[in-house]
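One structure is given here, and the rest of the page talks about it.
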Amino acid sequence: MAEKPGVLFMGTPELGATILRRLAAEYRVVGVVTQPDRPAGRKNVLTPPPVKLTALDLGLPILQVESLRSPEAQATLRQFAAGAEAFIVAAFGMILPVAVLEMPPQKCLNVHASLLPAYRGASPVAQAILDGLPETGVTIMLIEKALDAGPILTQRQVSIDRNDTQTTLMDKVAATGAELLLDTLPGWFAGEVAPQIQDHNRATYTGIIKKEAGLINWNESAAVIERKARAYDPWPGIYTRWNEQTLKLGRCTVVPLSPGFNPGQVELTEEGQLLITTGDGGLLPQSLQLPGKKMLSVEQFLQGYRQIIGTRLG
């Protein structure tokens with residue numbers, strides 16, 4: 001049996017790590033390119049990206065780069081990637097210059113977490129949850145200079161369950177993406193996959209999620225706020241202001257309410273549940289967290305902060 005072509009892998013977060021592990025089981029990965037270690041957590045401990053940890057576990061050569069724009073960085077990459085027929089990219093986190101795109105004979109392939117041309121950009125999984133979609137998907141595409149605009153090789157759908165968070169949906173997308181990539185590569189290397197140009201008129205875009213996106217606007221509907229709680233899990237979460245402090249909410253349940261309540265009002269239901277009113281409907285939070293404290297169940301939280309009942313948040 002002929003040896004499969006060598007590939008170079010580029011990725012950074014957990015999605016990339018999942019795909020790398022599956023890829024390395026089937027193909028000869030000549031090396032792994034990822035971003036530098038970054039400070040993480042409350043103590044800003046220097047932490048390696050998940051792709052680096054996976055590469056170390058697999059015994060693969062690693063190149064960590066801050067940028068690939070300079071001729072020197074590109075020369076280093078060219079030497080590091082010797083023997084790679086194609087570059088496989090999955091959530092690498094930086095735009096590849098044209099000089100890099102032109103290096104591998106069989107092009108640069110990207111595993112993108114949406115059904116392109118919908119949801120180009122940095123946060124397609126979160127945006128699918130925010131928009132209340134019943135499904136999203138994965139696209140294997142060729143990388144071009146424009147953001148996520150390259151020709152499509154293959155696509156596969158991924159269902160979005162009612163309780164999916166960004167974390168759980170990302171896990172499903174990663175697993176599906178790894179399967180789709182391995183199903184696509186043999187045909188691609190054999191010249192049997194015809195790239196399909198995207199309909200750029202149908203393109204939609206997602207941006208980088210910032211911390212302030214999690215600030216709750218209680219005038220929004222309960223359904224919208226609940227979707228944000230799932231879309232922004234684990235980061236930045238959703239939060240509000242109470243008692244001159246930031247109050248973080250965990251998962252929430254949407255309940256119908258009659259009109260006439262002030263948005264952000266905190267009440268106690270007859271069943272002893274904490275109810276927060278919104279612009280349309282109410283929310284029953286499952287857990288709450290104050291700065292420097294652990295996330296507590298509502299029952300635990302009320303043991304120490306029962307004075308929240310009757311106040312207005314925000």
Side-chain angles (χ1 to χ4, degrees), residues 4-5 7-29 32-35 49-55 57-58 60 84 86-96 104 106-129 133-144 147-161 164-189 193 195-196 198 204-206 209 231 233-234:
K4 291 183 177 180
V7 297
L8 178 82
F9 183 81
M10 297 175 142
T12 301
E14 198 63 48
L15 180 141
T18 297
I19 293 171
L20 171 60
R21 190 170 292 278
R22 290 290 304 278
L23 180 67
E26 300 289 338
Y27 283 83
R28 179 172 58 89
V29 179
V32 174
V33 184
T34 189
Q35 292 197 25
V51 162
K52 178 182 178 180
L53 294 176
T54 299
D57 187 49
L58 296 172
L60 298 172
F87 291 0
I88 307 300
V89 183
F92 183 39
M94 66 178 71
I95 295 176
L96 300 182
Q106 295 289 341
K107 309 289 186 182
C108 295
L109 281 65
N110 184 45
V111 184
H112 184 75
S114 80
L115 295 173
L116 292 170
Y119 297 153
R120 295 176 180 177
S123 54
V125 171
Q127 193 62 51
I129 295 174
L133 297 187
E135 64 182 20
T136 182
V138 183
T139 301
I140 309 298
M141 56 172 288
L142 299 180
I143 303 179
E144 294 186 346
L147 178 66
D148 296 331
I152 294 169
L153 303 185
T154 53
Q155 293 185 312
R156 188 166 293 170
Q157 294 176 335
V158 176
S159 64
I160 302 177
D161 295 337
D164 267 330
T165 64
Q166 181 184 167
T167 301
T168 61
L169 184 55
M170 190 73 79
D171 288 345
K172 293 197 293 187
V173 166
T176 300
E179 293 172 0
L180 183 60
L181 177 66
L182 293 179
D183 289 345
T184 303
L185 285 178
W188 173 249
F189 285 128
V193 178
Q196 301 297 315
Q198 293 188 43
T204 57
Y205 294 86
T206 67
I209 298 173
D233 174 7

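- With sequence neighbours excluded, the residues forming a side-chain contact (heavy atoms from CB on, under 4.5 Å) with Ala91 are Pro13, Leu15, listed by chain and number.
- Remark: Asp171 pairs with no residue by the salt bridge (charged side-chain N to carboxylate O under 4.0 Å, His left out) rule, at least two apart or across chains.
- Nearest heavy atom pair, residue Ala24 against residue Val29, reads CA-CG2, 3.8 Å.
- Under the side chain to side chain donor-acceptor pair (under 3.5 Å) criterion, Asp164 pairs with Thr168, Lys172, sequence neighbours left out.
- Applying the salt bridge (charged side-chain N to carboxylate O under 4.0 Å, His left out) definition to pairs two or more places apart or across chains, those involving residues 11-24 are Arg21-Asp57.
- Interatomic distance, CG of Asp183 versus CG of Leu153, reported as 13.0 Å (0.5 Å rounding).
- Rounding to the nearest 0.5 Å gives a distance of 13.5 Å between CD of Gln196 and CG of Leu116.
- Thr154 OG1 to Leu185 CG: the interatomic distance, rounded to the nearest 0.5 Å, is 8.5 Å.
- Residues Ala126 and Ala231 share a closest heavy-atom pair of O-CB, 3.5 Å.
- Applying the side-chain contact (heavy atoms from CB on, under 4.5 Å) rule to Pro117 yields the partners Arg120, Gln198, Arg202, Ala203; only residues at least two apart in sequence or on another chain are considered.
- For Glu26, the salt bridge (charged side-chain N to carboxylate O under 4.0 Å, His left out) partners are Lys4, not counting sequence neighbours.
- Residues that satisfy the side chain to side chain donor-acceptor pair (under 3.5 Å) test with Thr206, not counting sequence neighbours, are absent from this structure.
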Decide side-chain contact (heavy atoms from CB on, under 4.5 Å) for Leu109 and Leu142; before the verdict, give the C-alpha distance in whole Å, the side-chain angles of both, and the deciding distance to 0.1 Å. CA-CA 5 Å; Leu109 281 65; Leu142 299 180; 3.9 Å; yes

Begin from the C-alpha positions of Ile140 and Val111 and carry the test side-chain contact (heavy atoms from CB on, under 4.5 Å) through to its verdict. CA-CA 5 Å; Ile140 309 298; Val111 184; 3.8 Å; yes

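- Partners of Thr176 under the side chain to side chain donor-acceptor pair (under 3.5 Å) rule, at least two apart in sequence or in another chain, do not exist in this structure.
- Atom CG of Asn110 sits about 12.0 Å away from atom CD of Glu144, to the nearest 0.5 Å.
- Contact detail for Thr34 and Pro49: the closest heavy-atom pair is OG1-CG, 3.5 Å.
- At least one donor-acceptor pair under 3.5 Å links the side chain of Thr167 to the backbone N or O of Asp233.
- Partners of Gln157 according to the side-chain contact (heavy atoms from CB on, under 4.5 Å) rule, which considers only residues two or more places apart in sequence or in another chain, are Leu115, Glu135.
- How far CD1 of Ile143 is from NZ of Lys107: 11.5 Å, rounded to the nearest 0.5 Å.
- Minimum interatomic distance between Ala118 and Thr204 (heavy atoms only, all atoms of both residues): CA-OG1, 3.3 Å.
- Formation of a donor-acceptor pair under 3.5 Å by the Ser123 side chain with backbone atoms of Gln127 is not found in this model.
- More than 12 heavy-atom neighbours from other residues, nucleotides or ligands sit within 6.0 angstrom of CG on Leu147.
- Nearest heavy atoms, Gly177 versus Val138: CA-CG1, 3.7 Å.
- Annotation: side chain to side chain donor-acceptor pair (under 3.5 Å) contacts of Gln166 (sequence neighbours excluded): none.
- Closest approach of Tyr27 and Pro5 over heavy atoms only: CD2-O, 3.5 Å.
- To the nearest 0.5 Å, atoms CG (Leu20) and OG1 (Thr12) are separated by 11.0 Å.
- Remark: Ala128 engages Tyr119, Leu133, Thr136, Ile160 in a side-chain contact (heavy atoms from CB on, under 4.5 Å) (not counting sequence neighbours).
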Run the numbers on Val51 and Phe9 for side-chain contact (heavy atoms from CB on, under 4.5 Å), then give the verdict. CA-CA 10 Å; Val51 162; Phe9 183 81; 4.2 Å; yes

